[in-house]
Amino acid sequence: MNKDIATPLRTKEILNKYGFSFKKSLGQNFLIDPNILRNIVSHANLTEESGAIEVGPGIGALTEHLARSAKKVVSFEIDQRLLPVLEDTLSPYDNVKIIHSDILKADVEKVIKEEMLGIEDIMVVANLPYYVTTPILLKLLNDRLPIRGFVVMMQKEVADRITAKPGTKEYGSLSIAIQYYVTAEIAMVVPKTVFMPQPNVDSAVIRLIKHDEPPVKVISEDFLFEVTRTSFAQRRKTILNNLQSGLPSGKEKKQLILEALESANVDPTRRGETLSIQEFGKLADALYPHFG
Ligand code: SAM
């Protein structure tokens, strides 16, 4: 087996060889601990037949572990300066394709069709750039890609919000926007010492596995997400008050909202953070004819 990229010594050697300086604005905190990398990959349950999609390979630390476990790895990197580095560090692996692109602008579905023909099991596995974690996840979920799920590193605070259950202070519209598509759990909490440079925040790896069916069927998914955002606009307010200030104005607005709450079996004095996705789904459908 080749020497790991992700040891502190080898990482420093590679960075020196290319005179590479980290760009904070691109969320460049590279992993320098092979054990953490093995753990991340093991949470993805890849087989020799699997495909892995990576966002931000950096100098290839995680990429090479994916290349050892999966049939094919496709990795999107925005920073052009890393392309020659990756060509060098990943030269022992012939199953890796690096695509120079901002993941937020990439047509990932097209890339999967072209690069992963015949591969049925695909996971997104990444140490995400923290400045853009949520937009990346929401884009990849909204793209409805033919994937099994995600194993991704992010800021712990965001991981807590994504995986939060109703009734907790972390639970909010982000929990619902993600858990509508996937089951979400924290796979491990990661110390700052495994990164170079060390980030200012704590980190966690989460595992997201796509539902076969959404947890609730709704008339409009966009409207469900609008209702959840509105319901959490001011966390101390009741759901009635938040809906009253957030939904478009119209005749008998309060009465219509009260009727919708009643038909969804939701007490108007409850706060958004106590409602399950199923309850938000029923509420969104009851509001839809008047406000959708
Ligand atoms: N995977 C490497 C590791 O674990 O050591 C690097 C992870 S580092 C946290 C994030 C990587 O994402 C960097 O290489 C950065 O250049 C890249 N990146 C940042 N924004 C990106 C974007 N919008 N699209 C693709 N890659 C991006």
Side-chain angles (χ1 to χ4, degrees), residues 4-15 18 20-44 52-70 73-90 93 96-108 111 123-140 142-143 145 150-159 187-188 190-206:
D4 274 333
I5 295 168
T7 61
L9 194 67
R10 176 111 196 271
T11 299
K12 273 190 202 134
E13 266 171 29
I14 295 166
L15 297 176
Y18 288 91
F20 184 83
S21 53
F22 294 101
K23 267 198 191 157
K24 219 175 165 188
S25 62
L26 290 179
Q28 291 179 336
N29 300 92
F30 296 170
L31 283 165
I32 50 164
D33 183 336
N35 284 325
I36 292 281
L37 289 160
R38 272 190 285 277
N39 263 327
I40 295 175
V41 175
S42 76
H43 282 293
I53 296 171
E54 189 192 14
V55 180
I59 59 170
L62 176 58
T63 325
E64 81 169 344
H65 282 261
L66 293 170
R68 288 174 191 158
S69 299
V73 184
V74 177
S75 201
F76 295 85
E77 176 56 61
I78 197 170
D79 188 349
Q80 186 157 19
R81 298 174 307 154
L82 289 166
L83 303 183
V85 186
L86 289 162
E87 206 169 298
D88 177 4
T89 57
L90 297 175
Y93 306 95
V96 177
K97 168 94 182 175
I98 303 290
I99 296 182
H100 177 217
S101 166
D102 177 347
I103 188 70
L104 294 176
K105 296 190 182 142
D107 185 344
V108 183
V111 170
M123 286 292 279
V124 174
V125 187
N127 171 19
L128 292 173
Y130 292 0
Y131 75 101
V132 75
T133 300
T134 310
I136 291 175
L137 280 182
L138 291 176
K139 176 211 159 49
L140 296 177
N142 287 329
D143 280 356
L145 302 172
F150 301 74
V151 172
V152 280
M153 173 101 76
M154 60 185 59
Q155 191 174 334
K156 177 157 185 305
E157 186 234 312
V158 180
M188 57 178 173
V190 178
K192 291 175 186 165
T193 47
V194 300
F195 298 93
M196 185 191 285
Q198 292 188 17
N200 299 323
V201 293
D202 291 326
S203 300
V205 174
I206 64 171

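What you see below is based on every heavy atom in this structure, not just the backbone, and it leaves out hydrogens, waters and symmetry mates. Order of appearance sets the numbers: ligands from 1, and atoms from 1 within every ligand.
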Quick check on ligand 1: any N or O pairs to the protein under 3.5 Å? One line per pair.
residue, atom, partner, partner atom, Å
ligand 1, 1 (N), Glu54, OE2, 3.4
ligand 1, 1 (N), Gly56, O, 2.8
ligand 1, 1 (N), Pro57, O, 3.4
ligand 1, 4 (O), Asn127, ND2, 2.9
ligand 1, 5 (O), Leu31, N, 2.8
ligand 1, 14 (O), Gly58, N, 3.2
ligand 1, 14 (O), Glu77, OE1, 2.7
ligand 1, 16 (O), Gln28, NE2, 2.9
ligand 1, 16 (O), Glu77, OE2, 2.6
ligand 1, 20 (N), Tyr131, OH, 2.8
ligand 1, 23 (N), Asp102, OD1, 2.9
ligand 1, 24 (N), Ile103, N, 3.0
ligand 1, 26 (N), Ile78, N, 3.4

The side chain to side chain contact (heavy atoms under 4.5 Å, CB included) partners of Ser21 (sequence neighbours excluded) come to Arg81
Please tabulate, for side-chain N and O atoms in residues 123-133, each donor-acceptor pair with protein atoms closer than 3.5 Å (sequence neighbours left out).
residue, atom, partner, partner atom, Å
Asn127, ND2, Asn29, O, 3.2
Tyr130, OH, Ser203, OG, 2.7
Thr133, OG1, Tyr130, O, 3.3

Please determine whether a side-chain nitrogen of the Lys or Arg among Asp102 and Lys139 lies less than 4.0 Å from a carboxylate oxygen of the Asp or Glu.
no
Might you point out which heavy atoms bring Glu54 and Ser75 nearest each other, and give the distance in Å?
OE1-OG, 2.7 Å
Name all residues meeting the side chain to side chain contact (heavy atoms under 4.5 Å, CB included) criterion together with Pro8; count only those two or more places apart in sequence or in a different chain, and write none if there are none.
Ile32
Check whether any side-chain N or O of Glu77 sits under 3.5 Å from a backbone N or O of Asp79 as a donor-acceptor pair, and report yes or no.
yes
